[in-house]
2 protein chains.
Amino acid sequence: MPPPDLRIALTDRARGGTRQRVYDALREALVAGRLEPGRRLSENELAEALGVSRTPVREALVRLRDDRIVEIVPQLGTFVSKISIGAVADAQFVREALECAAIRLAAERVGDAELLALREIVAAQEDAHAAGDFDRFFVLDDAFHAALCEASGHGIAWSLAQRADGHLVRVRRLSLPVPEYMGEMIAEHRTVLDAIAAHDPDQAEVALRHHLRMVLSVLESIQADHPEFFEKE
Amino acid sequence: MPPPDLRIALTDRARGGTRQRVYDALREALVAGRLEPGRRLSENELAEALGVSRTPVREALVRLRDDRIVEIVPQLGTFVSKISIGAVADAQFVREALECAAIRLAAERVGDAELLALREIVAAQEDAHAAGDFDRFFVLDDAFHAALCEASGHGIAWSLAQRADGHLVRVRRLSLPVPEYMGEMIAEHRTVLDAIAAHDPDQAEVALRHHLRMVLSVLESIQADHPEFFEKE
DNA sequence: GGCGGCACGCTTGCATACTAGGTGCGCGAC
DNA sequence: GTCGCGCACCTAGTATGCAAGCGTGCCGCC
């Protein structure tokens with residue numbers, strides 16, 4: 001029996017090597033929930049579906065295991081990690097630590113060009129909100145936080161946070177279809193932005209920490225709505 | 001011409017898969033400086049030296065590239081990253097952010113058993129100091145910080161910091177042969193420990209941040225002593 | 001009918017073969 | 001003598017083949 005449609009596809013043939021494209025495609029499908037937690041993944045299936053050999057698929061899966069969003073069991077199979085409350089807490093801790101440290105620096109050294117770029121991202125989020133475009137909103141949310149870390153001079157903070165974020169990001173994604181959260185998040189972004197523009201590290205940190213913790217407030221309801229996506233523990 | 005002795009060896013055959021053992025062996029040799037910055041590594045050479053095939057070597061190298069301590073240039077070769085001042089600053093930032101956040105939690109929730117374990121590590125460091133055993137001191141230093149993060153309930157902080165730490169850890173290692181630093185570091189560990197024992201998060205954070213920044217104070221002299229290990233920038 | 005055991009098929013882990021591309025060296029022309 | 005071109009070797013990237021282990025289902029036996 002052929003497996004159900006995996007709904008994964010490689011990006012443009014031009015950019016990056018095969019391994020990177022496979023990683024990107026898989027990660028995107030995983031955090032978007034198209035490859036649901038608990039699902040079994042086979043290197044052979046993925047390789048066939050993507051039209052490449054097992055080698056790049058395998059290397060991408062190893063990297064995704066480092067991200068803790070897949071589990072590889074030797075001689076048995078590879079599985080999409082169920083969302084673990086403990087792992088969500090870890091990811092939240094890491095993200096708070098890194099982003100809050102970054103924003104303190106950003107508040108001190110941010111320039112006009114960077115502020116403008118941040119404001120444009122928030123404006124674009126307004127548009128996405130109005131259009132009800134969840135996916136675009138989600139991308140812009142990431143872009144906002146990435147730009148924030150970039151402004152601190154340590155862009156590495158974002159790339160690290162993102163990689164440690166596997167469990168948390170799936171919760172965020174599941175929480176998006178609640179429209180009122182989108183408006184709330186935009187308001188919080190504005191608050192953060194104002195504090196940075198005022199070059200006030202303390203206020204910026206407080207605002208960001210509050211913003212980052214919002215997602216946790218919906219965790220329980222998400223778990224109630226999708227118990228099958230969560231680890232029993 | 002056969003390559004010079006690579007001075008790398010796999011650990012016990014029992015523990016972990018081949019990939020993990022290759023990664024551990026390479027990382028250890030890299031941070032210890034036996035594979036010096038700028039050196040060219042060949043997948044073929046490494047595979048032959050370790051008695052395994054290219055596949056696990058390759059997967060280990062990809063992971064080390066994520067750690068930023070090797071650079072893989074397609075169709076050309078793999079090289080040990082030279083120490084980059086920018087990368088050291090990034091690593092320092094990440095480590096400060098994660099460990100300082102962790103120690104605040106640790107100061108609040110640490111128990112007697114954990115305190116005792118930490119004190120024992122410091123005591124062992126005294127022994128290593130007295131014996132002039134740099135390698136053992138280095139291992140114990142890692143153990144101290146790992147135990148600190150573990151006590152926070154987010155052991156993930158240490159594993160992340162360690163992986164982001166590639167450039168910084170090489171500087172630390174180069175700085176160790178200066179005996180007075182060992183005594184100073186032990187004293188700082190004690191200060192940190194006292195603050196935790198007193199359940200004082202603010203004081204603990206201050207002490208740890210000061211401790212973490214000590215390594216930076218020797219950066220310039222290290223760079224002066226080993227200019228060939230550093231990136232020209 | 002229920003239970004024990006064997007065998008098959010599937011999985012990942014590791015090894016090997018092949019491809020494409022880049023570097024550097026050597027030869028030839030000017 | 002010097003510059004330019006081309007070939008040969010070496011690299012990582014990818015594909016494929018082989019080995020070992022676990023789960024499952026079927027079949028025989030009790």
Side-chain angles (χ1 to χ4, degrees), chain A residues 1-4 6 8-26 30 35 38-81, chain B residues 1-4 6 8-26 30 35 38-81:
Chain A
M1 181 187 80
L6 286 156
I8 50 177
L10 266 46
T11 54
D12 318 333
R13 195 158 201 80
R15 285 185 301 178
T18 306
R19 169 185 48 234
Q20 184 64 35
R21 289 187 297 135
V22 170
Y23 174 82
D24 290 342
L26 283 177
L30 284 163
L35 298 178
R39 176 173 196 153
R40 175 186 203 160
L41 300 174
S42 153
E43 293 179 359
N44 286 317
E45 277 181 23
L46 293 174
E48 193 175 357
L50 293 168
V52 299
S53 81
R54 273 182 60 211
T55 307
V57 171
R58 174 179 176 69
E59 292 179 355
L61 287 175
V62 168
R63 214 167 154 208
L64 289 165
R65 179 177 68 173
D66 280 346
D67 295 351
R68 298 174 70 182
I69 54 182
V70 306
E71 281 162 24
I72 302 176
V73 184
Q75 274 68 31
L76 209 158
T78 303
F79 303 86
V80 181
S81 301
Chain B
M1 181 187 79
L6 286 156
I8 51 178
L10 265 47
T11 53
D12 317 332
R13 194 155 202 83
R15 285 185 301 179
T18 307
R19 170 183 47 234
Q20 183 64 36
R21 288 188 298 133
V22 171
Y23 173 83
D24 290 341
L26 284 177
L30 284 163
L35 297 177
R39 176 173 194 152
R40 175 185 203 163
L41 300 175
S42 151
E43 293 181 357
N44 287 317
E45 278 181 23
L46 294 173
E48 193 176 356
L50 293 168
V52 299
S53 81
R54 273 184 59 208
T55 307
V57 171
R58 174 178 177 67
E59 292 177 355
L61 287 175
V62 167
R63 219 172 148 204
L64 289 166
R65 180 177 65 173
D66 280 346
D67 296 350
R68 298 175 69 183
I69 53 182
V70 306
E71 282 162 23
I72 302 176
V73 184
Q75 273 68 35
L76 209 159
T78 302
F79 303 85
V80 181
S81 301

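The structure displayed is predicted, hence computed values, not measured ones. Labels below follow one simple rule: chain letters A, B, ... track the order of the sequence lines, proteins then strands, and each chain is numbered from 1.
- With rounding to whole Å, Gln20(A) atom CD is found 12 Å from dG13(D) atom P.
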**Prompt:** Taking protein heavy atoms under 4.0 Å as touching, what does nucleotides 19-24 of chain D look like 5' to 3' if B marks base contact, S marks sugar-phosphate-only contact and - marks none?
**Reply:** -BB---
Without placing hydrogens or testing angles, list every side-chain donor-acceptor pair under 3.5 Å for residues 57-64 of chain B, not counting sequence neighbours.
unit_1	atom_1	unit_2	atom_2	d
Arg58(B)	NE	Glu59(A)	OE2	2.9
Arg58(B)	NH1	Glu43(B)	OE2	3.2
Glu59(B)	OE1	Arg19(B)	NH1	2.6
Glu59(B)	OE2	Arg58(A)	NE	2.9
Arg63(B)	NE	Asp66(A)	OD2	3.2
Arg63(B)	NH1	Gln20(B)	OE1	3.2

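- Rounded to the nearest 0.5 angstrom, Thr18(A) OG1 and Leu50(A) CG are separated by 10.5 Å.
- End-to-end axis angle of the helix from dG1(C)-dC30(D) to dC30(C)-dG1(D), using five pairs per end and rounding to 10°, comes to 20°.
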Write out a two-atom table: protein N or O, nucleotide N or O from nucleotides 14-18 of chain D, distance below 3.5 Å.
unit_1	atom_1	unit_2	atom_2	d
dT14(D)	OP1	Thr18(A)	N	2.9
dT14(D)	OP1	Thr18(A)	OG1	2.5
dA15(D)	OP2	Ser53(A)	N	2.7
dA15(D)	OP2	Ser53(A)	OG	2.7
dA15(D)	O5'	Ser53(A)	OG	3.3
dA15(D)	N7	Thr55(A)	OG1	2.8

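- Taking a heavy-atom distance under 4.0 Å as the criterion, the stretch of DNA chain C touched by chain A extends 5' to 3' from dT11(C) to dG13(C).
- Here the CG-CG distance, from Leu41(B) to Leu26(B), works out to 7.5 Å after rounding to the nearest 0.5 Å.
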Below 3.5 Å, can you tabulate the donor-acceptor pairs from side chains in residues 73-81 of chain A to any protein atom, sequence neighbours excluded?
unit_1	atom_1	unit_2	atom_2	d
Ser81(A)	OG	Arg68(A)	O	3.3
Ser81(A)	OG	Ile69(A)	O	3.4
Ser81(A)	OG	Val70(A)	N	3.4

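- Smallest separation of non-hydrogen atoms from Val22(B) and Pro56(B): CG1-O, 4.3 Å.
- The shortest distance between the side-chain N/O atoms of Asn44(B) and the OP1/OP2 oxygens of dC10(D) is not below 4.0 Å.
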